2 protein chains.
Amino acid sequence: MSGAGIGGLDMHAWLVRRLERGGHLEEVDRHALFALPLQRRFVAARTDLDGGQGLHLILSGLACRYETEPGGFRRIVSLYFPGDLCGSGSLFSFGRPGSVKTLSAGEVADISIHALHSLVEAHRGVERSLGWLTLIELGIAQRWLVNAGRDAERQIAHLLCEIVTRLRATGCRECEAFATGIRQAVIADITAISLVHVNRVLHALQDADRIRLVKGVITIPDLDRLAAFADFDPGYLHLPDQVGPSQLELGLLRGPSFPDGRNSVAL
Amino acid sequence: MSGAGIGGLDMHAWLVRRLERGGHLEEVDRHALFALPLQRRFVAARTDLDGGQGLHLILSGLACRYETEPGGFRRIVSLYFPGDLCGSGSLFSFGRPGSVKTLSAGEVADISIHALHSLVEAHRGVERSLGWLTLIELGIAQRWLVNAGRDAERQIAHLLCEIVTRLRATGCRECEAFATGIRQAVIADITAISLVHVNRVLHALQDADRIRLVKGVITIPDLDRLAAFADFDPGYLHLPDQVGPSQLELGLLRGPSFPDGRNSVAL
DNA sequence: CGCTTTGTTGAAAAGAGTCAAAGATCGTGG
DNA sequence: CCACGATCTTTGACTCTTTTCAACAAAGCG
């Protein structure tokens, strides 16, 4: 039961692969990363991840950073997919505002702030890579800002493109994301469009044959077409080379098995 | 003739002060920063700053990062005040999307990517501080995302609070920002609210006695009251301790003098 | 098999965008 | 010193997207 939602790689390898995209990891850095203590655990949907101060590596499932408004509304400001690092982000003296919670059941690997500090102190390349991840998250946030100025249909279409693209890069099947973590309410909380209208817009997108909507599960028959409609250009995500079908066929996609043997959702 | 829009400090001191907020600068780091070659220059309003690849330290005036949409609209995703660093952000292999341009005339100090790389290589504390600046910019972007979900009146009020607060932290008089860099069109491009509606909302805010609007210049009679209305909490800006009246009286606020002797706008 | 969560619909109201045009302001050059 | 042109601001009238309110249907889970 490897429970590897992220492709059969063990979690350290996944961590290395994530940070390596910064392009600056030395062999010693990689070794140190493999030696980093990771606390693996299962988490239910809608659970706050941020009890402590460390970072969390998402192994399977979906998480988000959100803030709760005075009115009680939840505003999601970041999405985290398998392979992403999230947390209070405190390499510095202050934590980040908001909280991190799961959107679906899944697995995470916790990195203690302690271990992280030692690692970073000894390995500059790792610190640099972490900074690079922050820069990417900034790029995404700013892309969302740009997006926020457009009509609901394009905005939601763009979001769907991003989700599918990031999901593909993890090696997971896209449909399952929509089946589990991405409720319409989540789309509403990200885009600040009312839930009712999200629903209507999704149906409009379906009527235009841009997405398919079956029992609440969204599928995208032609990503390029949707991307063209939404002006989606994946450059800002800085993903590694597309995961080819080869990887998709390698049985990478099994969902996590829960300790009790119950087999849960894939994403 | 110092032309110090940012408080009589020379530009190196200003740079150090900025990075120091990360809290990790050693004495050697500071020395290295003072030795960093800074190319000071005057820039007109509406000028692209990003010819090269380096960073720019704003000395006076206002700048922004923006992206141009397919439709031709400009969406501003970041504001830069005196003392802020901006640029392509490339400590890494890729640049940031979008461009940086000035919103008002002012002065900047250019840091070549070359000098920056050497500096950062030799001084970890500096690199860390830069990462910290990125994290702050991320926090601001995400705050803007949260903000984007609220009604226009609160959204604009919140933006005004942020502008005044950041401006005060630079030691500049707030009103002058509104007089020069912050056109209503800028507010529109940040908030994605139509220019016409921005105008109406500003008048509504004035009618509610939350701001004052004289000849297109916005003043805020009571920041606390406006902040309460907008749910503005400056924590996310991570500003240093408030600039006291003492600093405001020290003649810090003279605007830059242009080479031709013409005295330009203060901010 | 009842309960909770999610998805779907309709009708009415409000907020915001668009279009079009007229005042203001400011820098500039004559 | 004044006039001109470019940039900004302000207004009115109209349209339309999006929200809100209020139910109801479906699906998943214990």
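Bear in mind the structure is a predicted one, so any value in this text is a computation, not a measurement. Just so we're on the same page: letters track the sequence lines, and every chain starts at 1.
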Specify the separation, in whole Å, of atom [atom1] of [X] and atom [atom2] of [N].
| X | N | atom1 | atom2 | value |
| --- | --- | --- | --- | --- |
| A:Arg154 | D:dT18 | CZ | C1' | 16 Å |
| B:Arg212 | D:dT9 | CZ | C1' | 20 Å |
| A:Ile187 | C:dT6 | CD1 | P | 13 Å |
| A:Asp151 | D:dT15 | CG | C1' | 16 Å |
| A:Leu103 | C:dT6 | CG | P | 11 Å |
| A:Ile156 | D:dT17 | CD1 | P | 15 Å |
| B:Arg150 | C:dG15 | CZ | P | 16 Å |
| B:Arg183 | C:dA24 | CZ | P | 17 Å |

When we call it a touch if two heavy atoms are under 4.0 Å apart, what does B:Ala188 touch: a base, just sugar-phosphate, or nothing? nothing
Base, sugar-phosphate or nothing for B:Ala45? Non-hydrogen atoms, less than 4.0 Å. nothing
I want to verify a distance call: between [options], whose nearest atom is closest to the [X] side chain?
| X | options | value |
| --- | --- | --- |
| A:Asn199 | D:dT9, D:dG12, C:dT8 | C:dT8 |
| B:Ile193 | D:dC21, D:dT18, C:dG17 | C:dG17 |
| B:Arg200 | C:dG17, D:dT9, C:dG7 | C:dG17 |
| B:Ala152 | C:dT8, D:dG12, C:dA16 | C:dA16 |
| B:Leu195 | D:dT9, C:dA16, D:dT19 | D:dT9 |
| A:Arg46 | D:dT10, C:dG7, C:dT6 | C:dT6 |
| A:Gln184 | C:dT8, C:dT6, D:dT10 | C:dT8 |

Compute the angle between the rotation axes at the two ends of the helix from C:dC1-D:dG30 to C:dG30-D:dC1, each taken over five pairs, rounded to 10 degrees. 50°
Measure from NZ or CZ of A:Arg210 to the centre of the six-membered ring of A:Phe229, then state whether that distance is under 6.0 Å and the direction lies within 45° of the axis. yes
For residues [X] and [Y], is any side-chain donor paired with an opposing acceptor at under 3.5 Å?
| X | Y | result |
| --- | --- | --- |
| B:Tyr80 | B:Glu137 | yes |
| A:Gln184 | A:Asn199 | yes |
| A:Tyr236 | A:Gln142 | no |

Judged by each residue's nearest nucleotide on DNA chain D, which is more toward the 5′ side, A:Glu153 or B:His203? B:His203
Earlier contact from the 5' end, DNA chain D, for A:Lys215 and A:Val196: A:Val196
Decide yes or no for A:Phe81 and A:Ile58: does some side-chain heavy atom of the first lie under 4.5 Å from some side-chain heavy atom of the second? no
Please examine the side chains of A:Cys161 and A:Leu223, heavy atoms only from C-beta on, and report whether any two atoms are closer than 4.5 Å. yes
By salt bridge (charged side-chain N to carboxylate O under 4.0 Å, His left out), B:Asp151 pairs with (sequence neighbours left out) B:Arg154
Test: salt bridge (Lys or Arg N to Asp or Glu O under 4.0 Å). Region: residues 197-208 of chain A. Which pairs qualify, not counting sequence neighbours? none
Is there a side-chain contact between A:His197 and the phosphate of D:dT17, meaning an N or O under 4.0 Å from OP1 or OP2? no
